[in-house]
Each structure stands twice: as structure tokens, then as C-alpha cells.
Amino acid sequence: MEALPQVADSQRVFQGRVFRVRVDRIRYPDGAEHRVDVVEHGASLAIVATPSRDELVLVRQYRHPARSMLWEIPAGTAEPGETVVDGARRELREETGFSAARIAPIGSFWMTPGFCSELMHFFHADELSAGEPSFDDDERIELGVFTIRAAWRLVADGVADAKTVLALLWLQGGEDKIGSDFGR
């Protein structure tokens with residue numbers, strides 16, 4: 001197995017509400033050292049919620065770094081002491097009002113491993129029951145249920161994010177690659 005670089009030094013340089021930033025000095029096996037800036041972000045979760053076989057629940061909200069309103073699959077982070085599946089159920093309910101009779105893991109993906117430690121856990125939720133959302137104070141969310149084709153149009157129009165593209169690709173290949181009942 002190939003030897004991995006070792007952390008020679010690490011300093012936290014920023015502590016925010018959502019993430020922290022540290023500067024690491026790493027040493028490669030050949031002795032070379034390099035600075036690596038790391039955004040520390042806890043595990044996150046994303047929910048591919050399907051009211052029917054050809055529909056997807058999306059939420060629209062303002063994303064300041066993009067300076068745009070984006071359509072996305074519901075997502076968030078688990079609360080302290082909460083499992084990621086319980087966090088996914090809670091986030092789905094809070095952001096959309098929907099509760100899922102079935103929720104199953106799809107997989108986990110490093111979002112931007114070149115500089116960020118965020119590992120996003122994806123879940124599929126179906127057999128949905130409608131209810132009232134419960135937004136956080138900083139959330140201004142619009143709910144939409146789209147056909148898969150209409151959701152792809154949002155991607156083409158540049159108003160959807162990467163996790164939503166991953167969800168659509170999973171839905172597009174789900175039947176052939178995972179099983180006719182989405183892997184359950």
C-alpha cells in the first residue's frame with residue numbers, strides 16, 4: 001500500500017456556525033512539505049424524495065455564494081446524537097412537510113475533497129405523506145414537486161445544484177443498476 005502524507009502541523013484559523021477552516025502542513029514520504037487549506041464541515045445528508053415513480057420533491061432557496069435562487073433536493077445535517085437516517089427523516093419533514101414510510105441509504109459521496117471534509121449521505125424516501133414544513137429561522141423555502149424531465153430542465157437552466165444532479169442520475173439509472181424497487 002502506498003504511504004500517505006503525514007500532517008506535520010495543523011492550525012485552526014476560522015470557527016464559524018457551519019464550518020471551520022484549518023491550515024495543515026503535510027509531509028510526503030519523499031520529505032516534501034506543502035500547505036493545505038481545509039474546510040472542516042461535518043457530515044451532511046440529502047434526500048431523494050419521490051412521491052411517485054416519475055416525480056421528485058425539490059426545494060427552492062436563496063444560496064448567497066451563488067447569488068441565486070436554486071432548486072435542490074432537501075438536505076441538511078444530523079443534529080448531535082442523531083443518526084444520519086433520523087436526520088434525513090427530520091430534514092425531509094422540516095423542509096418539505098413530507099414524512100416517508102420508507103427511507104433507505106443510497107450511498108455517501110465526498111462533495112469537494114480537494115479542500116473540504118464534507119461527506120454527504122444520500123437517502124431515498126418514498127411512500128410520502130404530506131404535512132406542514134417547519135423551517136429554521138434562516139430558511140425561506142419554496143416547495144415543488146417536479147417530473148424527472150422537468151427537474152432535468154432546471155439543471156439545463158442552471159438553477160439546480162450538484163447534489164440534485166446526482167439524485168437525478170441515480171433516479172435515471174436506479175431501475176437498471178439498483179433494482180426495480182430502488183434497492184430495497
Side-chain angles (χ1 to χ4, degrees), residues 1-49 56-80 82-88 90-92 95 103-125 136 138-139 141 148 151-174 177-178 183:
M1 181 164 147
E2 190 173 346
L4 298 176
Q6 299 298 309
V7 177
D9 184 55
S10 185
Q11 287 187 305
R12 174 146 312 120
V13 296
F14 175 77
Q15 171 81 38
R17 183 180 65 86
V18 177
F19 63 87
R20 298 180 302 266
V21 178
R22 73 174 193 263
V23 176
D24 289 350
R25 189 169 42 89
I26 61 171
R27 184 175 300 121
Y28 287 89
D30 66 4
E33 291 187 3
H34 295 280
R35 172 187 164 148
V36 179
D37 301 330
V38 179
V39 174
E40 297 175 334
H41 188 289
S44 58
L45 40 93
I47 305 97
V48 182
L56 178 63
V57 175
L58 298 176
V59 295
R60 183 175 182 246
Q61 55 189 322
Y62 177 68
R63 294 303 192 187
H64 187 69
R67 304 284 296 165
S68 185
M69 300 289 287
L70 296 179
W71 285 100
E72 309 171 358
I73 60 173
T77 58
E79 300 290 336
E82 183 179 53
T83 67
V84 289
V85 71
D86 288 340
R90 179 187 46 74
E91 284 290 343
L92 177 64
E95 290 191 359
I103 191 162
I106 294 172
S108 299
F109 306 96
W110 294 103
M111 297 310 292
T112 49
F115 66 88
C116 186
S117 65
E118 180 181 10
L119 179 64
M120 184 171 278
H121 305 281
F122 282 74
F123 294 88
H124 178 235
D136 291 339
D138 63 344
E139 292 178 321
I141 293 176
I148 304 303
W152 275 116
R153 174 55 44 205
L154 297 172
V155 171
D157 291 344
V159 294
D161 70 344
K163 69 182 172 293
T164 303
V165 173
L166 283 173
L168 288 166
L169 289 169
W170 180 79
L171 287 169
Q172 184 175 332
K177 294 181 174 80
I178 298 172

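All values below were derived from every heavy atom in this structure, side-chain atoms included, with hydrogens, water molecules and symmetry-related copies excluded. Note that the structure is predicted; figures quoted are calculated from it, not measured. Numbers here simply count residues along the sequence, with the first being 1.
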Please report the interatomic distance [atom1]([X]) to [atom2]([Y]), rounded to the nearest 0.5 Å.
X: Ile47; Y: Leu56; atom1: CD1; atom2: CG; result: 11.5 Å
X: Gln61; Y: Asp161; atom1: CD; atom2: CG; result: 9.0 Å
X: Arg20; Y: Gln15; atom1: CZ; atom2: CD; result: 5.5 Å
X: Met120; Y: Leu45; atom1: CE; atom2: CG; result: 7.5 Å
X: Trp152; Y: Thr164; atom1: CH2; atom2: OG1; result: 10.0 Å
X: Leu166; Y: Phe109; atom1: CG; atom2: CZ; result: 6.0 Å

Note to self: I need the full list of salt bridge (charged side-chain N to carboxylate O under 4.0 Å, His left out) pairs touching residues 111-125, with sequence neighbours left out, sorted by first then second residue.
What the structure shows: none
Could you tell me which residues satisfy salt bridge (Lys or Arg N to Asp or Glu O under 4.0 Å) with [X], sequence neighbours excluded, listed by chain and number?
X: Glu82; result: Arg90
X: Asp86; result: none
X: Asp30; result: none
X: Asp9; result: none

Notebook entry, point to check: Who pairs with Phe123 by ring pair (Phe, Tyr, Trp, His ring centres under 6.0 Å), at least two apart in sequence or on another chain?
Noted result: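 None.
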Might you confirm whether atom [atom1] of [X] has over 12 heavy atoms from other residues, nucleotides or ligands at distances under 6.0 Å?
X: Gln6; atom1: CD; value: no
X: Gln11; atom1: CD; value: no
X: Phe19; atom1: CZ; value: no

Item checked: Taking every non-hydrogen atom, the tightest pair across Leu92 and Ala49 ->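 Closest approach of Leu92 to Ala49, heavy atoms only: CD1-CB, 3.8 Å.
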Next item on the list: Identify the two heavy atoms, one from Ala160 and one from Leu70, that lie closest to each other, and give their separation to 0.1 Å.
Entry: N-CD2, 4.2 Å
Checklist line | Sub-4.5 Å side-chain heavy-atom contact between Tyr62 and Met69 | finding: yes
Note to self: Is the shortest side-chain heavy-atom distance between Leu168 and Val165 below 4.5 Å?
What the structure shows: no
Next item on the list: Name all pairs fulfilling the side chain to side chain donor-acceptor pair (under 3.5 Å) condition that reach into residues 105-116, sequence neighbours left out, sorted by first residue then second.
Entry: Ser108-His121
Table please: side-chain donor-acceptor pairs of residues 71-80 below 3.5 Å, with sequence neighbours left out.
from	atom 1	to	atom 2	distance (Å)
Glu72	OE1	Arg63	NH2	2.9
Glu72	OE1	Lys163	NZ	3.2
Glu72	OE2	Arg63	NE	2.8

In chain order, what residues pass the side chain to side chain donor-acceptor pair (under 3.5 Å) check against [X], with sequence neighbours excluded?
X: Arg60; answer: Glu142
X: Asp138; answer: Arg17
X: Tyr28; answer: none

Next item on the list: With sequence neighbours left out, write down each residue that passes side-chain contact (heavy atoms from CB on, under 4.5 Å) with Val18, or none if nothing qualifies.
Entry: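 In terms of side-chain contact (heavy atoms from CB on, under 4.5 Å), with neighbours along the sequence ignored, Val18 is linked to His41.
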